[in-house]
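Below: one structure, written as structure tokens.
Numbered from 1 within each chain, the chains take letters A, B, ... in sequence-line order.
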There are 2 protein chains.
Amino acid sequence: MNTQDETAALKADKKLFIKMVVSNWELQNQRMNGWLAQLSDERLLEPVAEGKNRAVYLLGHLIAVNDGMISLLGLGERLYPELDEAFVKNPDRAFDQIPPVAELRDKWANLNQVLSRYFAELDAQEWFSKHNAVSDDAFAQEPHRNKLNVLINRTNHQAYHLGQLIFLKA
Amino acid sequence: MNTQDETAALKADKKLFIKMVVSNWELQNQRMNGWLAQLSDERLLEPVAEGKNRAVYLLGHLIAVNDGMISLLGLGERLYPELDEAFVKNPDRAFDQIPPVAELRDKWANLNQVLSRYFAELDAQEWFSKHNAVSDDAFAQEPHRNKLNVLINRTNHQAYHLGQLIFLKA
């Protein structure tokens, strides 16, 4: 292979692995959506197992953490930073009032649309640039701390909680 | 950037991406090991939540599924194909006899060492080659169905079950 062909092949590989990461993220969303569609709002107010988090808390938690990617990846303004208080900074049942399940469902669906759009617009070089929670110096030492790595990490985080959510059956 | 510099940068990105995927896999293993170290063999015989799989079943399931990567990625002979019967092809409690917890712990630790060694030996081009459950024709159409994608998928699978396992406390 000459250098030009090799460069073209490497560019194709780079697009391919971004696609792999985004596709695995979308697969987790599809599974989450399939599960969500089967459960009533009332059912989501129940804990996923005795003494564990309520499903509604895990749903709010996933929205808040995933929404955090918007600022972490420098994509724009977060949609729902107000959810951090009830769903990230505090454990389940810390507050008497949390948003209604129907509202959280809408936010979840809207957030995924917005994230998908942002992800589609980000070019290959940007995916390999540093995220906003790492300094220039640290990034020079640890170039794997890029935006794509954040998405890999958040996909695993979502899979982890989906494994818990599916304990609640329709 | 001239073409040679660009090619070198793209090669570095490719290695970096493989490192990111392998590191995220290792991170899940570390979390699993941290959890395993806290629980007695007796405790692992309990279900992770009422009416759900026993922890020992999920441990055996993760060993069997991860061991399956050895053949799927063409790395060599599987170590423990005999575990598929009790931990993949059948649900928990299908058999009166399953391997002792201590034996499964050893297999888990050994498998991870063997997989880490295989992963370290695989070169960048091999990671982007097709895995053994996809045909040449299908791979030509869907080049993301490569070996690296299997590892991304298995990492999510492990995170999913780890989310369930941690319901069992020391």
Side-chain angles (χ1 to χ4, degrees), chain A residues 1-25 27-28 31-32 47-53 58 124-125 127-129 142-169, chain B residues 1-25 27-28 31-32 47-53 58 124-125 127-129 142-169:
Chain A
M1 211 174 350
N2 67 38
T3 310
Q4 263 185 337
D5 286 351
E6 192 184 13
T7 305
L10 285 164
K11 277 187 183 169
D13 279 347
K14 190 163 179 172
K15 285 200 173 167
L16 191 64
F17 51 68
I18 292 163
K19 186 190 157 148
M20 284 157 56
V21 173
V22 174
S23 295
N24 274 284
W25 156 256
L27 181 64
Q28 292 299 321
R31 288 180 181 167
M32 177 79 178
V48 297
E50 203 188 319
K52 306 299 178 186
N53 288 321
L58 292 177
Q125 212 39 54
W127 275 114
F128 278 83
S129 65
E142 304 176 297
H144 66 279
R145 298 177 70 181
N146 55 39
K147 295 179 179 182
L148 202 53
N149 205 42
V150 170
L151 185 56
I152 294 175
N153 180 285
R154 292 302 183 277
T155 303
N156 283 319
H157 175 256
Q158 187 167 320
Y160 178 94
H161 288 302
L162 184 60
Q164 301 174 335
L165 284 165
I166 59 97
F167 277 174
L168 206 61
K169 306 286 182 201
Chain B
M1 212 176 346
N2 67 38
T3 310
Q4 264 185 336
D5 287 351
E6 192 183 12
T7 305
L10 285 164
K11 277 186 184 169
D13 280 347
K14 190 165 176 172
K15 285 200 174 166
L16 190 63
F17 180 69
I18 293 163
K19 185 191 157 150
M20 284 156 56
V21 173
V22 174
S23 297
N24 274 284
W25 156 256
L27 181 64
Q28 291 300 321
R31 288 181 181 167
M32 178 78 178
V48 296
E50 202 189 320
K52 306 298 179 187
N53 288 321
L58 293 177
Q125 211 40 54
W127 274 116
F128 279 84
S129 66
E142 303 177 297
H144 66 280
R145 298 177 70 181
N146 55 41
K147 295 179 179 181
L148 204 52
N149 205 43
V150 170
L151 184 57
I152 294 176
N153 179 285
R154 292 303 183 276
T155 303
N156 282 318
H157 174 256
Q158 188 167 319
Y160 179 94
H161 288 302
L162 183 60
Q164 301 173 335
L165 284 165
I166 59 98
F167 276 174
L168 207 62
K169 305 286 182 202

Is the B/Phe17 ring parallel, tilted or perpendicular to the A/Phe17 ring (thresholds 30°, 60°)?
parallel
Between B/His144 and chain A, which part of the residue has a heavy atom less than 4.5 Å away: side chain, backbone, both or neither?
both
Part of B/Lys14 within contact of chain A (heavy atom distance under 4.5 Å):
both
Distance-minimising heavy-atom pair for A/Asn156 and B/Ala159:
O-CB, 3.5 Å
Report the C-alpha separation of A/Glu6 and B/Leu10 in whole Å, then their side-chain angles, then the decisive distance to 0.1 Å, and conclude whether the side chain to side chain contact (heavy atoms under 4.5 Å, CB included) test is met.
CA-CA 10 Å; A/Glu6 192 184 13; B/Leu10 285 164; over 6 Å; no
Determine whether B/Met20 and A/Asn146 satisfy the following criterion, side chain to side chain contact (heavy atoms under 4.5 Å, CB included), listing intermediate values before the conclusion.
CA-CA 9 Å; B/Met20 284 156 56; A/Asn146 55 39; 3.3 Å; yes
Highest number of heavy-atom pairs under 4.5 Å with chain A among B/Ile166, B/Val21, B/Thr3 belongs to B/Ile166
Report which part of A/Glu142 has an atom under 4.5 Å of a heavy atom belonging to chain B: side chain, backbone, both, or neither.
neither
Residue B/Phe167 versus chain A: region with a heavy atom under 4.5 Å
both
Honestly, the part of A/Leu165 sitting under 4.5 Å from a heavy atom of chain B is neither
Largest heavy-atom contact set with chain A, pairs under 4.5 Å, which of B/Leu27, B/Leu162, B/Leu148, B/Thr7
B/Thr7
Side chains of A/Ile152 and B/Ile152, heavy atoms from C-beta outward: is any pair under 4.5 Å?
no
Whatever's closer than 4.5 Å to a heavy atom in chain A on B/Gln28 counts as side chain
At a 4.5 Å cut-off on heavy atoms, which part of A/Lys169 comes close to chain B: side chain, backbone, both, or neither?
side chain
When you compare the side chain of B/Asn24 with that of A/Asn149, does any pair of heavy atoms fall below 4.5 Å?
yes
A/Lys11 atom NZ, neighbour heavy-atom count above 12 within 6.0 Å
no
